[in-house]
There are 2 protein chains.
Amino acid sequence: MSRTPRSLLDVATEALLASPGASLTEVAAAAGVSRTTLHRHYPTRQALLLAVAEHSVDRVERAYADAGLDAAGEDAEAALRRLLTALIPLGPQLEFVHRERSLDDEHGLHARFDALDDLVSGLVRRGQQAGVLRADLPAWWLVSSLNGAVYGAWEMIDLGRLAPLDAPGLLLTTLLDGIGR
Amino acid sequence: MSRTPRSLLDVATEALLASPGASLTEVAAAAGVSRTTLHRHYPTRQALLLAVAEHSVDRVERAYADAGLDAAGEDAEAALRRLLTALIPLGPQLEFVHRERSLDDEHGLHARFDALDDLVSGLVRRGQQAGVLRADLPAWWLVSSLNGAVYGAWEMIDLGRLAPLDAPGLLLTTLLDGIGR
DNA sequence: GCCAGATGGAACAGAGTTGTTTCAAACAGA
DNA sequence: TCTGTTTGAAACAACTCTGTTCCATCTGGC
C-alpha cells in the first residue's frame with residue numbers, strides 16, 4: 001500500500017471541481033498523467049469521486065479545527081466569525097460534495113458532515129446559554145441557517161457580485177441581526 | 001404541433017425528481033408509457049430534462065404570481081410570508097434545477113430565475129423604503145439570503161427534522177429578526 | 001550498471017444508454 | 001365502419017465511457 005499521491009489528488013480535485021462531468025481521460029489530462037496511472041491510484045470513477053470528496057471534507061474539517069470553536073470562555077461571535085471566514089473559501093468543495101449525486105449514498109461522508117454540524121451545534125448552544133444567540137429556536141435550525149448562509153454567500157462570490165473580503169462581515173450581520181427593521 | 005402532454009410530463013417530472021439519474025427506460029416505465037412514446041415527445045434526454053426543468057419553473061413562477069408580491073400599500077412582511085409559504089413546498093423542483101448539472105448552461109432557465117429575483121428585489125426595496133427591511137444591505141444580498149433560506153428550510157423538511165407547517169414562521173423570524181441576541 | 005517500481009501508450013472487450021426504425025395493434029372521431 | 005392518429009414492442013446501430021491488459025520506457029536508489 002503506497003502512500004497517498006497527494007499532489008495528484010490535489011490537481012485531480014481541482015479539475016473535477018471545475019468540471020465535474022469530465023471523463024477520466026480529461027481528468028487525467030488535466031492532472032498531467034496518463035489515464036492508466038490515474039486508474040492505478042483510483043480503480044474506478046466512483047473511487048476517484050469519493051477520494052476527491054474525502055479530500056474536500058479534509059479541508060473543511062481543518063477549517064473547523066483552525067477556527068477553534070471550543071475556545072473556552074470566549075465570545076461565541078468571534079468564533080463564529082472565524083468559522084465563516086474559513087469556510088467561505090471552501091465553496092467549491094462544498095458545492096462539489098453537495099451537487100454530485102453519486103455521493104448521495106456515501107454514508108461516511110454524511111457522517112463526517114454530521115460530526116461537524118455537531119461541533120457547531122455545541123458552539124450554538126453555548127452561545128444560546130451565554131445570551132448571545134436566540135434561545136427560542138432549536139440549535140439544529142441555527143446550524144442549518146448557518147450552513148445555508150455560507151453556501152449562499154459563496155454563490156454570490158462565484159457570480160462575482162460579492163467581494164470575498166466582504167463576505168464574513170455581511171454574513172455575520174445578516175445572520176445575527178436579521179434583515180428586518 | 002400537438003398540445004403539450006401535461007400529464008405525461010407531470011409523472012415524468014415526479015420520476016426524475018425522485019431519481020434524477022434514472023435511465024429513459026426507467027422514466028418511461030415510471031410514467032407508464034413505452035420508451036418509444038417518451039422518445040416521441042422528448043427526442044433526447046436533454047430535451048426531457050429541460051422540459052422537466054421548465055415545468056418546474058412554471059410552478060415556481062405561479063407561486064410567485066399567487067403570492068401577489070406587488071399588492072400596493074400592503075405590509076411587505078405579509079407578502080414575504082405568502083411567498084415563503086408558497087415556495088417551500090417546491091423544494092424538490094428547486095433542488096432538481098439546482099443540482100442537475102446538464103442544466104447549468106441552459107440560458108433560458110437562468111433568465112427566468114433572474115426575473116423572479118428581480119420581482120423579489122422590488123419587494124425588498126419597497127420593504128426597505130417602508131422601513132420594514134434593513135436599508136444598509138444591498139437588495140440583491142437580501143434576495144440571495146431569502147433564496148438560500150428557502151432552500152435550507154426545505155432540506156430540513158426533507159430530512160424530516162422540520163415540520164412543513166412550522167417552516168414559514170421559522171423562516172420568517174430567522175430572516176427578519178436574525179439568530180442573535 | 002542493475003533492479004525494482006512507477007509510468008505511458010496502446011489496444012481491447014464489455015456494459016450501458018441512447019437515438020432510430022419498423023410494423024402491428026389499439027384508439028378516437030367522423 | 002372507416003380512417004387517421006397514437007401507442008407499444010422489438011430490434012438495431014452507434015456511441016461513449018469504463019475497466020483491463022500487455023509491454024516498452026523511464027527513474028531513482030543500490
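Lettering of chains follows the sequences in order, A, B, ..., and the numbering in each one begins at 1. Please read these numbers as outputs of a predicted model, since none were measured by experiment. In what follows, every heavy atom counts, from backbone to side chain, and hydrogens, waters and symmetry copies are set aside.
Comment: A:R101 engages B:E100 in a salt bridge, judged by a side-chain N to carboxylate O separation of less than 4.0 angstrom. Under 4.0 Å is where a charged nitrogen must lie from a carboxylate oxygen, and between B:D10 and B:R59 no such pair does. A salt bridge is defined here as a Lys NZ or Arg NE, NH1 or NH2 lying under 4.0 Å from an Asp or Glu carboxylate O, and B:R112 with B:D58 meets this definition.
Note on the helix from C:dG1-D:dC30 to C:dA30-D:dT1: terminal axis deviation equals 20°, with five pairs used at each end and the result rounded to 10°.
Among the protein residues, A:G21 comes within range of no part of the nucleic acid, since none of its heavy atoms lies under 4.0 Å from any strand.
With hydrogens and angles left out, the side-chain atoms of B:R81 and B:T85 include no donor and acceptor closer than 3.5 Å. Looking only at atom types and distance, the side chain of B:T173 has a donor-acceptor partner in the side chain of A:R134 under 3.5 Å away. At a cut-off of 3.5 Å, with distance as the only test, a side-chain donor of B:W141 or A:T174 sits close to an acceptor on the other residue.
Aromatic ring orientation, B:Y151 versus A:H98: perpendicular (interplanar angle above 60°, classes split at 30° and 60°).
Distances shorter than 4.0 Å separate some side-chain N or O of A:S34 from OP1 or OP2 on C:dG8. Proximity of A:H41 to the phosphate of C:dT7: a side-chain N or O atom is located under 4.0 Å from OP1 or OP2.
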(message) For a quick check, with a 4.0 angstrom heavy-atom cut-off, what is the B/S/- contact string for nucleotides 15-27 of chain D, read 5' to 3'?
(response) ---BBB-------
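For B:R62, the side chain to side chain contact (heavy atoms under 4.5 Å, CB included) partners two or more places apart in sequence, or in a different chain, are B:D66.
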